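What follows is one structure encoded as C-alpha cells, with my remarks underneath.
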Protein chains: 2
Amino acid sequence: MPRNRHDVDRDAKIAEIREAAVGLLRAGGYPALSHSAVAKELGLARTAVTWYFATKDDLFAAALADIYVADLGTPPADGDVMARLRWAVERLTALQPLTHALHERARHSPAAAELEAAFQEGLCTRLRALLAPHVAADRLDRVTTTVIVFVEGLLVQPRTTGDRLDLLEFLVTDLIGASGRS
Amino acid sequence: MPRNRHDVDRDAKIAEIREAAVGLLRAGGYPALSHSAVAKELGLARTAVTWYFATKDDLFAAALADIYVADLGTPPADGDVMARLRWAVERLTALQPLTHALHERARHSPAAAELEAAFQEGLCTRLRALLAPHVAADRLDRVTTTVIVFVEGLLVQPRTTGDRLDLLEFLVTDLIGASGRS
DNA sequence: ACCTGAACACCGTTCAAGT
DNA sequence: ACCTGAACACCGTTCAAGT
C-alpha cells in the first residue's frame with residue numbers, strides 16, 4: 001500500500017531528502033550516508049530515495065553542495081587578509097573528511113566530479129581576489145595556487161588550530177613579503 | 001574438508017596473503033580490497049584470511065606498509081635537493097589514493113593509525129635532513145613542516161606532473177632564498 | 001593452529017508491481 | 001509520477017565445527 005505523496009510539492013520532498021542526508025553526513029561522514037538511513041528517517045522504503053537520487057553518489061553530491069553553501073557561503077565582510085584566511089581554513093578544516101570523500105568519489109561519479117570542480121574554482125577565484133592587492137600581478141597566479149595547495153595540505157593531517165594558523169601566517173608573510181623582490 | 005596447510009611455513013602463508021592484498025590495492029585501491037578477493041586468489045575460504053588479519057583494516061595496513069617500502073624505501077643516492085624532492089613527489093603522487101584511504105581509516109583502526117604515524121615521521125625526518133644544509137637552523141623546523149604540508153596539498157588535486165614540479169620549485173626557492181634574510 | 005561453512009546484519013542497485 | 005517489496009550480488013564480522 002504505497003502511500004503516495006502527490007499532494008506534497010516535489011521540491012519539498014527533495015529538500016526533505018537532502019536535509020536528512022546532510023544530517024547523516026555531518027554526523028558520521030560518507031560511510032554513514034545510505035539510502036536506507038535517509039529512508040528510515042523519513043519513514044519511507046529505502047528504494048523510494050532512489051527515485052530522486054539514483055545512486056549514493058548523486059545523493060552525496062547534492063547534500064554536500066548544501067553543506068558547502070551553509071558553511072562557506074557567507075564569509076565575513078570585514079577583516080584583513082590573514083583574518084579572512086583564518087576563517088576559511090577553520091571552516092575547511094571541519095569539512096575536510098567530506099571534501100576528501102568527494103575527491104575520492106569524483107573518480108567514479110560524474111555528479112561528484114562536477115561538484116568538486118565547481119568547489120575548486122570557487123575557492124580559487126575568491127582567494128585570488130583576496131590576494132590581488134598584496135601581490136605583484138606577475139606573481140598573483142602562482143602565489144594563489146601555492147596558497148591553495150598549502151591550505152589543502154594543511155587540512156590533510158590533524159594539527160592543532162594554533163599550529164595550522166602559525167604555518168599559514170609563516171607561508172603567507174613569506175610569499176607576500178617576497179613580492180617586493182620581483 | 002579443510003585442507004590444512006600445517007606444512008607451509010606460517011610466514012610464507014602470511015606473505016602470500018600480503019602479496020595478494022598488495023596486488024588488489026595497486027589495481028583498485030581500498031575499495032577493491034576484501035577478504036573474499038584475497039581468499040579467492042589463494043583458493044581459500046574467505047574467512048581463512050580472517051585468521052591472520054582479523055579486520056579489513058589490519059590487512060590494509062599490512063599491505064600498504066609493504067607498498068611504502070617497495071615504492072619509497074630506496075631513494076636515489078645522488079642528485080641535488082630539487083631532484084630528490086621531485087623523485088619523492090612523483091612516488092607519493094602515485095600512492096596518493098592509498099595514503100588518503102590510510103588517513104581515513106586511521107580514525108577507526110589502530111593498525112592504520114600506527115602506520116600513518118610512522119609514515120609521517122619517516123617523511124619528516126628524511127626531508128629535514130635534506131633541507132638542513134640549505135636553511136638557517138632557526139628556520140629549519142618551520143620550513144620542513146611547510147614543505148611537507150605543501151607536498152601533501154600537491155597530492156590532493158590532480159595536476160600534471162609539470163605543474164606540480166613548477167609549483168614545488170617556486171615554493172622551495174622562495175623559502176630557501178628567504179633564509180638569507182633572517 | 002588452522003581452515004571451513006553457515007549465519008547475521010548490512011550495503012548499492014535493479015525491477016516488476018502497485019496507486 | 002511516485003512508492004513498495006522482492007531480489008541479486010556483494011560486504012565485514014562472528015562463530016561452531018571440523019582436522
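Each chain gets a letter, A, B and so on, in the order the sequences are listed, and its residues count up from 1. Everything quoted here is computed from the prediction, not taken from an experiment.
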Distance, rounded to the nearest Å, where [X] contributes [atom1] and [N] contributes [atom2]:
X: B/Leu44; N: D/dG18; atom1: CG; atom2: P; result: 21 Å
X: B/Leu42; N: C/dT4; atom1: CG; atom2: C1'; result: 15 Å
X: B/His108; N: D/dT13; atom1: NE2; atom2: P; result: 12 Å
X: A/Arg46; N: C/dA9; atom1: CZ; atom2: C1'; result: 11 Å
X: B/Lys56; N: D/dT13; atom1: NZ; atom2: C1'; result: 13 Å
X: B/Ile17; N: C/dC3; atom1: CD1; atom2: C1'; result: 11 Å
X: B/Phe53; N: D/dC11; atom1: CZ; atom2: C1'; result: 19 Å
X: A/Asp11; N: D/dC2; atom1: CG; atom2: P; result: 10 Å

* To do: May I ask which nucleotide in the shown strands pairs with D/dA1, Watson-Crick or G-U wobble, both distances under 3.5 Å?
  =>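 The base-pairing partner of D/dA1, which may sit in any strand shown, is C/dT19.
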* Opposite nucleotide pairing with D/dA9, Watson-Crick or G-U, both atom distances under 3.5 Å ->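 Base-paired to nothing in any strand shown.
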Phosphate contact ([N] OP1 or OP2) by [X] side-chain N/O below 4.0 Å:
X: B/Arg10; N: C/dC2; result: yes
X: A/Tyr52; N: D/dC3; result: yes
X: A/Thr55; N: C/dG12; result: no
X: B/Trp51; N: C/dC2; result: yes
X: A/Ser34; N: C/dC11; result: yes
X: A/Ser36; N: C/dC11; result: yes

* Looking at A/Arg26 and A/Asp66, does any basic side-chain N land under 4.0 Å from a carboxylate oxygen? ->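 Judged by the 4.0 Å cut-off on N to carboxylate O distance, A/Arg26 and A/Asp66 do not form a salt bridge.
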* Just by distance, do the side chain of A/Arg164 and the backbone of A/Arg159 share a donor-acceptor pair under 3.5 Å? ->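 Side chain of A/Arg164 to backbone of A/Arg159, a donor-acceptor pair under 3.5 Å: yes, one is there.
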* Asked: Would a distance-only check, ignoring hydrogens and angles, find a side-chain to backbone donor-acceptor pair under 3.5 Å from A/Arg84 to A/Gly79?
  ->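 Here the side-chain-to-backbone pair exists.
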* **Earlier contact from the 5' end, DNA chain C, for A/Thr50 and A/Ala32** =>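 The 5'-side residue here is A/Ala32.
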* **Nearest to side-chain heavy atoms of A/Ala48, which nucleotide of D/dT4, C/dG12, C/dT4** =>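 Per side-chain heavy atoms of A/Ala48, the pick is D/dT4.
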* **Residue B/Lys13, side-chain atoms from C-beta onward, closest of D/dG5, C/dG12, C/dC3** =>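 Per side-chain heavy atoms of B/Lys13, the pick is C/dC3.
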* To do: Name the nucleic acid region contacted by B/Leu33, choosing base, sugar-phosphate or nothing; use a 4.0 angstrom heavy-atom cut-off, strictly under.
  =>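 Touches sugar-phosphate only.
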* What is the nucleic acid contact for A/Ala45, judged by heavy atoms within less than 4.0 Å: base, sugar-phosphate only, or nothing? ->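 Answer is sugar-phosphate: A/Ala45 comes under 4.0 Å of backbone atoms only.
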* Going hydrophobic residue to hydrophobic residue with side-chain gaps under 4.5 angstrom, can you get from A/Trp87 over to A/Ile67? ->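 Each belongs to a different hydrophobic cluster.
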* If you draw a 6.0 Å radius around CD in A/Glu114, do more than 12 non-hydrogen atoms from other residues or ligands fall strictly inside? ->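 For A/Glu114, atom CD is not crowded (no more than 12 foreign heavy atoms under 6.0 Å).
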* How many angstroms lie between atom OG1 of B/Thr160 and atom CG of B/Asp166, to the nearest 0.5 angstrom? ->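 If we round to the nearest 0.5 Å, B/Thr160:OG1 and B/Asp166:CG are 7.5 Å apart.
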